[in-house]
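Some notes on the structure that comes next.
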Amino acid sequence: MRLVFVIDDYMPDSTRVGAKMFHELACYYLSIGHQVTVITPSANIREKIEFLEVDGVKVWRYKSGLIKSNSKFKRAINESLLSFRAWYSVSEYIGRDSFDAVVYYSPSIFLGGLVSKIKKRCECKAYLVLRDQFPQWAIDVGILKKGSVIERYFRVFEKQTYNCSDTIGLMSKGNQKVFNDTTKSKYQTMVCRNWSDLTPYASEGECKTHRDLLKLVGKTIYFYGGNIGYNQDMENLMRLVRKMKPHKDAHFLFVGQGDEVDLILDLANKWNLDNFTYLPSVDQMEFKRLLTEIDVGLFSLSSLHTSHNFPGKLLGYMVESIPILGSINPNNDLTEIINENKSGLITINGEDDLLYKNALALLHDREFRKKLGDNANRLLKDEFSVQTVGDQILASINFSG
C-alpha cells in the first residue's frame, strides 16, 4: 500500500512526540512492505519543496512560515496557510495513482484542506489521528473566549479537519465518548492509543552522563520531558518541586520548550529552588539517552480540561521501564489505566499533598520504583506498541475502503 502521512512537524529536525510517533509508524510500515511518503512544512528551506529520506522514509518538506516557538498571532497566520502552501508545493508531484490512503495528525487543525485535495485526486481514504481537540482545550483553560470571532474562525478549520476523515482515532475510550457526544456521533471513530517502538535505548559508546554534567550523581531524578505549555499547568509541578526542596537527595530536571518556560524559570527564581534544573529541547537520540539516566517520569495536565488525554511523553518513560508520577484533570480515564496496572502513581491536579506523598514514596524505595517501571513496560507492550496500533490503523483503512 502507498501511504502518505500529513503532519505539521517531522524528523529529523523535530523533538516533539507526534513527530517521533509518526516516524516510528512510518518505519514499521516500511518493515512490512508498504511505501510511505511524509508531507510536512519547514521554515528552514529556501525552495518551495525539498525531498529527502529519513531512515528510508520519503519526506517532502514544503516551505512554510514558522509555526513553533512563535507568537500566537504569527503562529495562527502561518498555520492557517499550511494547506495552501502545501498544495502549491506538492500538487504537481501527486497523480491519481500516487497514494492509496492518507494518515494525518492533529494538531494542527489546518491540514484538512490539503488532505481533502489529496483524497479527491487519488480517490483514497483518510485516517485522522486526533490528539488535541483544539480549540476546545484553549477554551477550557481560558486562552480563548467561547463564542468569540476567533473561536468561530478556528471551528471552521476544525470541522474541515474532521469532515475529510473516513475514520478518526482517539487516544482513549473516555476521549472517544466525549468526542462522540460533542459531535453527536457524526463521525466514524475508534480508540487509537498513542504508540511507541518497544526498543530501549542502547548506548553507542562511552560518554559523560547527564548526571555527571549536571552534578546529579547520587540523586533521585524526577524528570519532565516535552511540551511546557498551558495544557500542562506547569505551576502544578513547580509546587511539587518547592515542597520537595528539603529532601536534598531529590532533584527535578525539566527538558523541553513551550509557552510556560518563562513561568517555570520565574518560579524557580522566586522560590529559590536549588533542587531544579531546566534544559532546552534536545534531539531525539539525546532525549532517549537522557531517559536511561532518570528515576521517575513526571507529567501534568491542567485541571480545567474536559477531555481525556494520554500524553505521548509517557511512552518514552514506559520504554525505559520508568515509574510514572502524574497529576491530571478530574475523571480522566488515564488514572484508571496507570493506577490499575500499577505502572505509576496518579492524582488529581490540585491534590498537592497527595502528589507530594506519592513523590516521597518513590524517593528512597528503589525496589518500588523498579516494580512500577516494569509494570509500565509491560503495559506498553500490551496496548501501546507501534505494531499493535499500526495494524489497527491499516485494518480500519482497509475496512472503510
Side-chain angles (χ1 to χ4, degrees), residues 1-10 18-19 21-41 57-60 62 82-84 86-87 89-133 156-173 175-176 179-180 182-195 386-401:
M1 184 177 290
R2 295 159 300 182
L3 300 165
V4 58
F5 286 7
V6 175
I7 188 170
D8 72 347
D9 203 20
Y10 196 71
M21 289 200 307
F22 255 45
H23 185 61
E24 290 178 349
L25 183 64
C27 290
Y28 170 63
Y29 285 156
L30 285 181
S31 74
I32 59 175
H34 299 293
Q35 299 175 31
V36 181
T37 301
V38 179
I39 299 177
T40 191
V57 180
K58 295 178 182 178
V59 181
W60 298 359
Y62 59 92
L82 280 177
S83 284
F84 172 80
W87 190 244
S89 300
V90 306
S91 60
E92 65 182 287
Y93 304 101
I94 298 177
R96 182 175 178 180
D97 299 323
S98 294
F99 304 117
D100 301 309
V102 185
V103 181
Y104 63 116
Y105 186 90
S106 179
S108 169
I109 60 168
F110 296 98
L111 294 168
L114 172 62
V115 173
S116 294
K117 289 185 182 334
I118 295 174
K119 282 187 66 178
K120 184 176 180 180
R121 180 166 293 185
C122 298
E123 298 179 356
C124 66
K125 300 294 184 179
Y127 186 102
L128 169 61
V129 178
L130 180 58
R131 287 298 175 263
D132 190 338
Q133 294 181 48
V156 170
F157 289 94
E158 178 193 32
K159 185 176 180 180
Q160 182 186 48
T161 295
Y162 300 159
N163 284 345
C164 63
S165 70
D166 294 282
T167 305
I168 298 176
L170 298 119
M171 69 179 78
S172 73
K173 291 180 180 177
N175 246 14
Q176 184 184 30
F179 182 84
N180 287 343
T182 302
T183 60
K184 298 180 173 54
S185 298
K186 178 180 178 181
Y187 305 98
Q188 178 172 306
T189 64
M190 62 178 281
V191 174
C192 174
R193 302 284 196 195
N194 280 341
W195 62 85
V386 65
Q387 179 176 343
T388 297
V389 179
D391 290 348
Q392 290 172 347
I393 292 173
L394 286 181
S396 176
I397 291 170
N398 289 327
F399 179 78
S400 65

Between atom CZ of R131 and atom CG of N175, what is the distance when rounded to the nearest 0.5 Å? 8.5 Å
Between L114 and L82, does the side-chain contact (heavy atoms from CB on, under 4.5 Å) criterion hold? Intermediate values first, please. CA-CA 8 Å; L114 172 62; L82 280 177; over 6 Å; no
Note, L394 side chain near I32 side chain (heavy atom, < 4.5 Å): yes
Can you find a heavy atom in the side chain of C124 that is under 4.5 Å from one in the side chain of D100? no
Mind checking what makes side chain to side chain contact (heavy atoms under 4.5 Å, CB included) contact with K117, not counting sequence neighbours? W87
Y29 side chain to G390 main-chain N or O, any donor-acceptor pair under 3.5 Å? yes
Could you tell me whether the side chain of D97 reaches within less than 4.5 Å of the side chain of R2, counting heavy atoms only? yes
List the atom of Y105, the atom of G18, and the distance in Å for their closest heavy-atom pair. OH-CA, 3.6 Å
For P41 against D9, the heavy-atom pair lying closest together: CD-N, 4.4 Å
Side chain D166, main chain Y127, donor-acceptor under 3.5 Å: no
Of the non-hydrogen atoms in M1 and A101, which two are nearest, and what is the gap between them? SD-CB, 4.3 Å
May I have the step-by-step check of side-chain contact (heavy atoms from CB on, under 4.5 Å) for W195 and F22, ending in yes or no? CA-CA 9 Å; W195 62 85; F22 255 45; 3.9 Å; yes
Rounded to the nearest 0.5 Å, how far apart are OG1 of T37 and CZ of F99? 4.5 Å
Min side-chain heavy-atom separation K125-S165 under 4.5 Å: no
For the residue pair H23 and Y10, does the interplanar ring angle fall in the parallel (under 30°), tilted (30 to 60°) or perpendicular (over 60°) class? perpendicular
I'd like to know if the side chain of T161 pairs up with that of S106 as donor and acceptor (distance under 3.5 Å, no hydrogens or angles considered). no
L30 side, atom CG; Q35 side, atom CD - distance, nearest 0.5 Å: 9.0 Å
I'd like to know whether I397 forms a side-chain contact (heavy atoms from CB on, under 4.5 Å) with V103, so could you lay out the CA-CA distance, the side-chain angles of the two residues, the decisive distance to 0.1 Å, and finally the verdict. CA-CA 9 Å; I397 291 170; V103 181; 4.1 Å; yes
What's the verdict on side-chain contact (heavy atoms from CB on, under 4.5 Å) for Q133 and L170, showing C-alpha distance, side-chain angles and the deciding distance? CA-CA 10 Å; Q133 294 181 48; L170 298 119; 3.8 Å; yes
Do I39 and Y104 have side-chain heavy atoms sitting under 4.5 Å apart? no
Rounded to the nearest 0.5 Å, what separation is found between the OG atom of S91 and the CD1 atom of I118? 10.0 Å
If you define the side chain from C-beta out and look only at heavy atoms, does anything of V129 sit under 4.5 Å from I7? no
Hey, does the side chain of K119 reach the backbone of C164 with a donor-acceptor pair shorter than 3.5 angstrom? yes
Going by heavy atoms in the side chains, are I393 and L25 under 4.5 Å from each other? yes
What is the distance from atom CG of D8 to atom CD1 of I109, rounded to the nearest 0.5 Å? 11.0 Å
Rounded to the nearest 0.5 Å, what's the gap from CD on E158 to CG on N163? Could you check? 10.0 Å
T167 side chain to Q188 backbone, donor-acceptor under 3.5 Å: no
Quick one: ring-ring contact (aromatic ring centres under 6.0 Å, His included) partners of Y162, sequence neighbours excluded? F179, Y187
Any donor-acceptor pair under 3.5 Å from S116 side chain to G112 backbone: yes
Non-hydrogen side-chain atoms of V4 and W60 separated by less than 4.5 Å: no
